[in-house]
Every structure is written in structure tokens, then in C-alpha cells.
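Since we're looking at a predicted model, the values are computed, not measured.
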Amino acid sequence: MSAQVKEKKDLKYLHFAITFALMFLFRFVPPFGTVTPYGMAVIGIFLGLIYGWSVDADNLCWTSLMGLVALGVTDYGTAGGAIAAAFGNESVMLMLLAMFFLGMLQESQLTQWFSNKLLGAKFTAGKPWVLTAFIVVVPALLTILVNQTLVALIMFVVYQSIFEQAGYKKGDLYPAMVLMGFMVICSVSFSLFPFRGWCLMTVGMATKAGIEINMGGWIISEVIAIAVTCVGWILVMFITPGCKVDKLKDVDITQFQKESKPLDNRQKAALIITLANVIGCIIISFVGGNEGFRLILKKVGVYGWVVLMIVIAMIWKVDGKPVLDKKTAPGYFYWDLILVVAAAMVVAGQITAETAGITPLVGKLMAPLFSLPSYTFLLALGVITFLLTNFANNVAVTVTMMTIAMTMATQANFNLQVALMVITVYGVIGLMTPAGSVNGAMIHAHEFTTTKSAYTAGAIMMIFLTLVMALVLIPVGLKFM
């Protein structure tokens, strides 16, 4: 036994040495093409992050922290500047705030109550695929109205409780496929409305360039793509070897029905706070405006509302104890996830920085696309966006690819509106790697995934969504836009 422990320790030191070499020494490799010395340094840090996260999935913190230090000793600036940028990111701030809610939900055992209700539901008894479809699709579609990160953080804790009670183990494929499916539907749904949120960037760029977006055609195309994605992913899970629902099928729902006892006072209070948070975020998203009370809501925003709910939960006492205990809540913070997102957002953003010289290289490599037929060109543009966004910052990749598409529109014959829609939808689906997006980091950092299961589900996701792009989104877009 001692020899095995020593060997494991030695491998960890070896992994550390390789990660260190990639992050701090890769920058001395001679630059190529348009890539600058700074670009080589960023590539090395990115590769170091991917390697470190992959070989030590049980402790993602040290790799993330070392990546920030490595970035600080490049032309980026200082380590302090890199750390400040990492934790100043809005996604990271929202996650930190949401962790307080997770502590409240877990300490009150409200998440366990939710999982008992789901596992004990009569309409899913003996129907594991019905239960699977319900827990994957319904909460994912809810993110059309509610902030995705907040819903995802809550659901990932609920999923963990379901997996535990059903008897799944870390690394089983089923949990990874459930998590991936939830995020896939969330990501595709994210671009449903061209006049809200993420899509406003596309509409804004198009308007400045004198391009009018057919919003009705966009929404119709997206609704069809979302429907196919929801049904298609459940079918993919059904036919994927190793994605077994046996544990759910054999579950005796009576035990969960017994454990789904009425909520106690603390759980009721936690549920009220959670619902108020969700409903408030929906109202702010749709009602916020530029005058009167609507302007106040806009200024408060989702972040301000979340903070207000945290304050109320801290001062509201039930049975002499606050609903959200500031002393115990931090014990439920998922630092692996927070640090992965913090490091990934900063480093991935630098891959497409002008000083790195990587984007011009991508542009040159795309030059052969000019001569492709219209449909093939659109598909190639979408696939390249899809691949790039799994390794670089979503916003930077999307803006870059939209700029390239609008430039190419003067030299090639294709439907630019469809091109912009495809780039917008697929520019945000960075689920393959932890650096791809917040969503990708959450999948890789979950308690029930390993590097192998996360990347297996990710590979399946890439194939599935490429088919959705090729067979659904582009053909339907060409018909309605």
C-alpha cells in the first residue's frame, strides 16, 4: 500500500512539473506565423491549464492559481492584475454570490427534499427515461427566463443528490451525460430571442453594418433547433453504450416518498427566498427599462437583486437562527469551480487578444473557405466557431467570427443572416473543455464527473450538435431567413 501511495505522489509531482513547464517555459518556443511571443506564452499557459485540470480532477485549485501567476509574468501585466481581472469577472462574482444560496439550500436539506420529490414522483415510477427527460429538459428550458448560472448552480446540487441516492459513482457516464444534456439545452436556448441578452451583440453589430436581421425567422429557426435538441439528446443518451439508467429503474420510490416529508419552517423560508430570487430575476430581465421604476430595476439588475436576497436571508431568523448562516454558508463554496472559471475566463480571453497574433492566423487558415458553395461555407463557418469557442473566450470568438463573416459577405455568395445566427448560437456552446465557458467548467468540476467521463460526454456533444447545425439549424434558417 505504501508503495502505491508513493507512486501516486510521484506522479502528482510529475504532473506539476509538466504543468509548470507548459505555463512558464513554452513561451521560449519560437513563434510561428502571425503568433507573437506573447501569443506563445498564452498558448503555453492555456495548454498548462488544460493538462493540469485533466490529470488532477480531484484538485483543480492549484492549476488555476498557477495559471494566473504565469499570466502575470507575461506582457499581460502583473500577477496581481491577473488575479484582480479573474475575480472581477461578472460570471465569477455571480457564482460567488450564488454559493451563499447553495449553502442555505444544502444546510436546510432543501435540495435533498427536491431530489426525493423527483425520485419519488409517481409518473416516473419504473420509467427511468421519463425521469431523465424531466430532470434534464424542464430545468434547462427554465433558463430561457431565469439567469442560467443561478439555475445551473442549484440544479447541479440537486443532480448530485439524485446521483447519490440512486447509487451512481464518480466517473459513471450517466451523470456526465445528464449534466452535459442540461447545459446543451441551456446553451442552445440562450440565443432564442434576438432582441434580448446575448443576441443583442449580434443585432448591434449587424445594425452598424447596415444588415437587417429577420427576427421572426430567427426565433422560428431557434424554436425548431431547441425542440430537436431536447428530444435528440435523450435519444443520444438512450443509444450511448455505458449510459445506464438501471440504478434509477431499480429504485424503490416508496423510500423517497417517505423521505419527502412536509417542509419544516427553515426549509419553507429557504424555499421562499429561492423563489423570490428566481421571480425577481425574471421580472428584472423583462421589465427593466430607462425611466421611472423600470430604470430603478435596471440599475439594481440581477446582481443587485441576488445581493438583496442574501441580505434578507441573513437577517430573517427562523427558530432563533438566520435562514442563511454566514458562519456555515462558506463551507459549501465550490472553490474548484470558482477558480477554474476565474482562471479560464482571463486566459481564454487573451487567446483572441490582438497582441497574441492568434486571430490573424485563424483568418489566414480560413481563406480556402471563400470558394466553397453557400451551404458548405455556412457549415464550415459554424463548425470552426464551435471548435474555437471550446478553447477560447466565447465573446471574443463570436465577435471575431461575425467580423470575418461580414467581411467575407462582400466576396462570397451566402446568406449572411443565417451565418450570424449560427455563429451566435454556436459561439456560446463551449462545453468540451473547462476553459470553454462557465458551463464547461461546471461540468468538469462536478463531484460525479471525472476527466474521462466529462470528455466522453463532451465528444458526444460535439458530434450531436454539429449534426443539429448541419441538418436542422442551417436548413431551417435558410428557409425562414
Using modelled atom types only, decide if a donor and an acceptor are shared between the side chain of Ser453 and the backbone of Thr449 within a distance under 3.5 Å. no
Thr202 side chain to Thr424 side chain, donor-acceptor N/O pair below 3.5 angstrom: yes
Is the backbone of Thr389 close enough, under 3.5 Å, to the side chain of Tyr426 for a donor and an acceptor to pair up by distance? no
Between OG1 of Thr450 and NZ of Lys169, what distance do you get to the nearest 0.5 Å? 13.5 Å
CA sep, side-chain torsions, deciding dist, call: Trp53, Ser64, side chain to side chain donor-acceptor pair (under 3.5 Å): CA-CA 8 Å; Trp53 289 331; Ser64 305; 3.0 Å; yes
Close aromatic pair by centroid cut-off 6.0 Å: Tyr174 and Tyr168: yes
Hey, is the main chain of Met432 close enough, under 3.5 Å, to the side chain of Asn390 for a donor-acceptor pair? yes
Would you call the rings of Tyr159 and Phe163 parallel, tilted or perpendicular if under 30° counts as parallel and over 60° as perpendicular? parallel
Does the side chain of Asn439 come within less than 4.5 Å of Phe190's, by heavy atoms? no
Quick one: does any side-chain atom of His444 pair with a main-chain N or O of Ala454 as donor and acceptor, under 3.5 Å? no
Is the backbone of Leu60 close enough, under 3.5 Å, to the side chain of Asp336 for a donor and an acceptor to pair up by distance? yes
Electrostatic pair Arg266:Asp319 at N-O distance under 4.0 angstrom: no
CG-CD distance between Asp325 and Glu107, expressed to the nearest 0.5 angstrom: 6.0 Å
Where the side chain of Gln267 meets the backbone of Asp264, is there a donor-acceptor pair that is under 3.5 Å apart? yes
OH of Tyr303: more than 12 outside heavy atoms within 6.0 angstrom? yes
All heavy atoms of Phe182 vs all of Val136, minimum pair found to be N-CG1, 3.7 Å
Value rounded to 0.5 Å, distance of CD1 in Ile310 from NZ in Lys326: 14.0 Å
What distance separates Ile213 CD1 from Leu420 CG, expressed to the nearest 0.5 Å? 5.0 Å
Can you check side chain to side chain contact (heavy atoms under 4.5 Å, CB included) on Val55 and Tyr51, steps first, answer last? CA-CA 6 Å; Val55 297; Tyr51 179 83; 3.7 Å; yes
Determine the minimum heavy-atom distance between Pro128 and Leu248, stating which atoms define it. CB-CB, 3.9 Å
Measure from the side-chain N and O atoms of Thr143 to the backbone N and O of Ala140, and report whether any donor-acceptor pair falls under 3.5 Å. yes
Kindly say whether Ile429 contributes a backbone atom to a donor-acceptor pair with the side chain of Ser187 at under 3.5 angstrom? no
Taking Trp305 for the side chain and Ala276 for the main chain, is one N or O donor matched with an acceptor at less than 3.5 Å? yes
Can Leu110 and Leu271 be said to form a side chain to side chain contact (heavy atoms under 4.5 Å, CB included), step by step? CA-CA 8 Å; Leu110 189 59; Leu271 180 59; 4.0 Å; yes
Compare every heavy atom of Met237 with every heavy atom of Thr132, then report the nearest pair and how far apart it is. CG2-CE, 3.7 Å
So, taking the atom named CZ in Phe100 and the one named CD1 in Ile273, what distance separates them when rounded to the nearest 0.5 Å? 14.0 Å
Here the pair of heavy atoms bringing Val287 nearest to Arg294 is O-NE, 2.7 Å
To the nearest 0.5 angstrom, please state how far the OG atom of Ser221 sits from the CZ atom of Phe480. 7.0 Å
